[in-house]
Amino acid sequence: MKKLFVALAVILSSTAVQAQKQPYQYVKPIIGTAKMGHTYPGATVPFGAVQLSPDTDTLSYEMNGKYNPDMYRYCAGYQYADKTIVGFSHTHFSGTGHSDLGDFLIMPTTGKLQLNPGTADHPENGYRSAFSHDNEVAEANYYKVKLDDHNIVAEMTTSPRVGFHQYTFPKSDQSHIILDLMAGIYNYDDKNVWTYVHVVNDTLVTGYRQTSGWARTRTVYFAMTFSKPFTEYGQKNYDDKQVYRGFWGKWNQTKNFPEMAGKRMRTYFDFKTTEGEQVKIKFAISPVSQENALLNMQTEIPGWDFEKVKKDGQQSWNKELNKIAVNTLNDDDKVNFYTAMYHTFINPTVYNDVNKDYRGLDQNNHKAADFDNYTTFSLWDTFRALHPFFNIVQQKRSADMVSSMMAHYDQSAWKMLPIWSHYANENWCMSGYHSVSVVADAIVKGIYKGDPNAALAACVATAKKRDYEGIGAYMDLGYVPADVNGTSVSNTLEYAYDDWCIAQLAKKLNNTEVYNEFMKRAENWRNVYDKQSDFMRPRLKDGSFKKEFDVLSTHGQGFIEGNAWNYSLYVPHNPEELIKLRGGKARFSKHLDSLFTMHLPDEFFAHTEDITREGIIGNYVHGNEPAHHAAYLYNYTSTPWKTQDRVRMILKKMYGPTADGLGGNDDCGQMSAWFIFSSLGFYPMAPGSTTYELGSPAVVNASINLENGKTFTVKTRNQSNKNVYVSKVLLNGKVLDRRTLNHDEIMNGGQIEFFMSAKPTTK
């Protein structure tokens, strides 16, 4: 009996611990770090400017004068399968399919000073180190790993603009901190334009780095301070091709020289350490100046209490994650849910200093007087679900993001809203002008408090930029011709959706002229539909369809990151007419069935680096974005229960609580936002509309705590892994006889209740 009571006490104690577990403790940043997820495991705070994380290789973007395809694996700097760490850099993208950043790599070492990184096969030949996942910890705003080759334990945490390092050294007269100003992600020899380092005293160093990569003109300033004075310092300059060096040869610049500069430079700082001694570093960044970087540091982390900074950051994560209190069928589902929320709250990132200064697109300095300025807008991905998610749970930030886009427009030499922008640069990446979707969605839903007419004017100007990506031909012909643009079909379909968004904004503002003009443009998707093949198809300037056409290929068919099967479903703003055009509800439902069940041949993958079989179900490419709404299209057929079945299948197959738990690039949180919406039972198929498509919730229940003080609750009855079908829905106690939910119904608070069943309701 006594043993029984002891066992019962242990169970109750364990249950109590579980009950007290905070949301941030369910976050596993390691999810998505293997294969195609392209996330990073390091430390950051919500929307923080610093992402302090390990980099595991030094591959060059260029190989033999061409693009090195192996580089694609390192968009986030880290690959779970690697066995060495090169160092810890301060800026990273989360989940992207192209890259930049990796600024200011720091690596602690012992023994003989080595300023080259070595290789993965022979880390002993450089400063990199072997490591084991057994000695690695990745939590929200905390990363820890043992560097085996140097017997150093590395720990890191952050504030919004400061990275905080803590290195536990062995006893050594040869302990070093290396600051590599050449390292970077998607790096190549000429990427660094210039670097500058000023050793102010024996604990403080400031400087900057200019690069020309994905962001063509990017400058990041820094201030670095040590908890312990260094005994010596120096650098190695690799500018062997520099033609003119002035008269700096009068000095020995390699050692203890307080002003170092060059295109390609690595620096070091020497210490003597006792066994178990901790050397700490605070490293702040700024888009504006060294002075501002130091101000950021002094404001955000004035002291040296590592545990306090870690705890403060984790509490900031808790505050954000508590915006949705969720109960799930098991802990794995809760890990997936809160890690997805974590990934959605990484990007965009804040891009102004504590005094509100920031560098603008015009390369001048500006002050964000009445908003926080944001950067890292991966809009081709994130307009679909991430920004609509913000319009529910991050309304203040969402409004500031629209203000940031308007500032971008005002500073733009082209007078265009952002396409894909970061660090005061426009990258022009991907198709469409999807900032108009984000702007329209925020205004239609009452989020943005700025001048809506100025926003509409910016949207219209962007949509009429004739010399950008075939827009002129699109305006004249009603489609982008294949002999004008290589992604002609994608562009036409995405422009048509964006134009519909502009029309919705114009309607909100009672601007009939703009509304009529852009509603007409929104129907341009019809002009690339080929009735003979029943697919969207490239069309030439003379009006004929391109003869060579492969509906499965992603290469040379007029589509970007997708094929005709997936893109031919992309009319999110007018699914009824799409279905009618393609033969009606019954035929369209069977077409969707084929999408999810057919088998793709191996040659499909020959010309695509961003999709593998792990990101595909049949021919449905969940690992990329263009068909993220596809499962919800069944709602517009006579078989809506198939939406419920497909959504739950995708949730199970494409997401998991492991390093390889993402079926494709997370793309700055878009994949994760899809997971959150779909787990809650509704999804924004056409942002710019105030309606959400109902699906099949995977949660047991969830409470969405809104910024207006109200709570919207999702509740399920008879929830299980088998009960994926919805037999009935109640909204605030009344039967909901439609397949959509309205934004105001969420924001007003209340409860939606799903009755789950193992059998579909087919009537």
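Just so it is clear, the structure is predicted and the values come from calculations on it, not from any experiment. The residues of the chain are indexed from 1 along the displayed sequence.
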Worksheet, complete the sentence: Between the NE2 atom in His387 and the OG atom in Ser437, the distance rounded to the nearest 0.5 Å is 9.0 Å
Item to complete: Classify the angle between the aromatic ring planes of Tyr683 and Phe677 as parallel (below 30°), tilted (30 to 60°) or perpendicular (above 60°).
Response: perpendicular
Worksheet entry | N/O donor-acceptor pair under 3.5 Å between Asn705 side chain and Ile324 backbone | no
Worksheet item: Is any side-chain heavy atom of Gln395 closer than 4.5 Å to a side-chain heavy atom of Met747?
Response: yes
Worksheet item: Backbone N or O of Lys396 within a donor-acceptor pair of the Glu707 side chain at under 3.5 Å?
Response: yes
Practice prompt. Step by step, work out the side chain to side chain contact (heavy atoms under 4.5 Å, CB included) result for Phe754 and Val714.
Written response: CA-CA 8 Å; Phe754 295 84; Val714 176; 4.0 Å; yes
Practice prompt. For Glu320 and Lys323, run side chain to side chain contact (heavy atoms under 4.5 Å, CB included): C-alpha distance rounded to whole Å, both residues' side-chain angles, the deciding distance at 0.1 Å, then the answer.
Written response: CA-CA 6 Å; Glu320 302 301 332; Lys323 291 185 174 183; 3.2 Å; yes
Item to complete: Could you grab the distance from atom CD of Gln504 to atom OH of Tyr515, nearest 0.5 Å is fine?
Response: 6.0 Å
Discussion item. When you compare the side chain of Phe588 with that of Leu578, does any pair of heavy atoms fall below 4.5 Å?
Written reply: yes
Discussion item. Given 3.5 Å as the limit, does a donor-acceptor pair link the side chain of Asp333 with the main chain of Thr328, or not?
Written reply: no
Worksheet item: Does a side-chain N-to-carboxylate-O contact under 4.0 Å join Asp353 and Arg359?
Response: no
Worksheet item: Can you tell which of His98, Glu561, Glu469 makes a side chain to side chain contact (heavy atoms under 4.5 Å, CB included) with Met430?
Response: Glu561
Worksheet item: Glu494 and side-chain hydrogen bond (donor to acceptor under 3.5 Å, both in side chains): which partner among Trp525, Tyr433, Trp380?
Response: Trp380
Worksheet item: Between the main-chain N or O of Ile560 and the side-chain N or O of Ser490, is there a donor-acceptor pair closer than 3.5 Å?
Response: yes
Worksheet item: Around Lys465, counting heavy atoms of other residues, nucleotides and ligands shown, do more than 12 lie under 6.0 Å from its NZ?
Response: yes
Worksheet item: For the side chain of Asp400 and the backbone of Phe371, is there at least one donor-acceptor N/O pair under 3.5 Å apart?
Response: no
Item to complete: Quick one: pull up CG in Leu651 and OG in Ser678 and give me the separation to the nearest 0.5 Å.
Response: 5.5 Å
Worksheet item: Does Asn511 reach the main-chain N or O of Val514 with its side chain, forming a donor-acceptor pair under 3.5 Å?
Response: yes
Practice prompt. Pick out which of Phe47, Tyr374, Tyr358, Tyr423 makes a ring-ring contact (aromatic ring centres under 6.0 Å, His included) with Tyr351.
Written response: Tyr423
Fill in: Any side-chain heavy-atom pair of Val439 and Ile443 under 4.5 Å
yes
Item to complete: Please check if the side chain of Asn322 supplies one atom and the backbone of Lys319 the other of a donor-acceptor pair under 3.5 Å.
Response: no
Worksheet item: With under 30° as parallel and over 60° as perpendicular, where do the rings of Trp214 and Trp420 fit, or are they tilted in between?
Response: tilted
Worksheet item: When you check the side-chain N and O atoms of Gln719 and Asn701, is any donor under 3.5 Å from an acceptor?
Response: no
Worksheet item: For residues Asn141 and Thr158, is any side-chain donor paired with an opposing acceptor at under 3.5 Å?
Response: yes
Fill in: From Asn566, Thr492, Leu493, residue fulfilling side chain to side chain contact (heavy atoms under 4.5 Å, CB included) relative to Met536
Leu493
Item to complete: Say whether Thr344 and Ser672, considering side chains only, have a donor N or O and an acceptor N or O under 3.5 Å apart.
Response: no
Practice prompt. Might you point out which heavy atoms bring Pro23 and Asn318 nearest each other, and give the distance in Å?
Written response: CD-OD1, 3.2 Å
Discussion item. My understanding is that only one of Thr39, Asn665, Asp381, Asp666 makes a side chain to side chain contact (heavy atoms under 4.5 Å, CB included) with Met671; could you say which?
Written reply: Asp666
Worksheet entry | Sub-4.5 Å side-chain heavy-atom contact between Ser421 and His408 | yes
Practice prompt. Answer yes or no: are there more than 12 heavy-atom neighbours, outside Glu576 itself, under 6.0 Å from its atom CD?
Written response: yes
Practice prompt. Could you check Ser568 against Arg582 for side chain to side chain contact (heavy atoms under 4.5 Å, CB included), going step by step and ending with a plain yes or no?
Written response: CA-CA 10 Å; Ser568 294; Arg582 300 193 67 181; 3.5 Å; yes
Worksheet item: For the side chain of Ser412 and the backbone of Tyr409, is there at least one donor-acceptor N/O pair under 3.5 Å apart?
Response: no
Worksheet item: Pro697 and Val726: which non-hydrogen atoms are nearest, and at how many Å?
Response: CD-CG2, 4.4 Å
Item to complete: Please work out whether the ring planes of Tyr567 and Phe559 are parallel, tilted or perpendicular, with thresholds of 30° and 60°.
Response: parallel
Fill in: Check: Leu730 main-chain N/O paired with Glu753 side-chain donor or acceptor under 3.5 Å
no
Worksheet item: His343 versus Val27: any side-chain heavy-atom pair under 4.5 Å?
Response: no
Response to the item:
To the nearest 0.5 Å, atom OG of Ser696 lies from atom CH2 of Trp641 at 14.5 Å
Worksheet item: Between Arg521 and Asp499, what is the shortest heavy-atom contact and its length?
Response: NE-OD2, 3.0 Å
Worksheet item: Would you call the rings of Tyr342 and Trp317 parallel, tilted or perpendicular, where under 30° means parallel and over 60° means perpendicular?
Response: tilted
Worksheet item: Mind checking whether Leu505 and Val436 have side chains closer than 4.5 Å, heavy atoms only?
Response: no
Item to complete: Quick one: sort the Tyr620 and His622 rings into parallel, tilted or perpendicular, breaks at 30° and 60°.
Response: tilted
Discussion item. Go through it in stages, so that I can follow the logic: the residues are Asn391 and Ser398, the test is side chain to side chain donor-acceptor pair (under 3.5 Å), and I'd like the CA-CA distance, side-chain angles, deciding distance and then a yes or no.
Written reply: CA-CA 6 Å; Asn391 284 338; Ser398 181; 2.5 Å; yes
Worksheet item: Can you tell me if NZ on Lys415 sees more than 12 non-hydrogen neighbours from other groups inside 6.0 Å?
Response: yes
Fill in: Sub-6.0 Å ring centroid separation between Trp414 and Trp428
yes
Item to complete: First locate atom NE2 of His38, then atom SG of Cys668, and finally report the distance between them rounded to the nearest 0.5 Å.
Response: 12.5 Å
Discussion item. Among Arg738, Lys710, Lys734, exactly one meets salt bridge (Lys or Arg N to Asp or Glu O under 4.0 Å) together with Glu745. Which residue is that?
Written reply: Arg738
Worksheet item: Rounded to the nearest 0.5 Å, what separation is found between the NE2 atom of His629 and the OG1 atom of Thr643?
Response: 11.0 Å
Worksheet entry | Test: Asp372 and Lys356 ion pair at under 4.0 Å | yes
Fill in: pair Phe345-Phe389: side-chain heavy atoms closer than 4.5 Å
yes
Practice prompt. Would you please classify the geometry between the His434 ring and the Phe383 ring as parallel, tilted or perpendicular, with 30° and 60° separating the classes?
Written response: parallel
Worksheet item: Would you say Val480 and Tyr474 make side-chain contact, with heavy atoms under 4.5 Å?
Response: yes
Item to complete: Keeping the roles fixed (side chain from Glu577, backbone from Pro575), state whether a donor-acceptor pair exists under 3.5 Å.
Response: no
Worksheet entry | Parallel, tilted or perpendicular, as decided by the 30° and 60° cut-offs, for the rings of Tyr570 and Tyr497 | perpendicular
Worksheet item: Taking His422 as the fixed residue, which of Asn347, Asn427, Thr91 is the one that meets the side-chain hydrogen bond (donor to acceptor under 3.5 Å, both in side chains) rule?
Response: Asn427
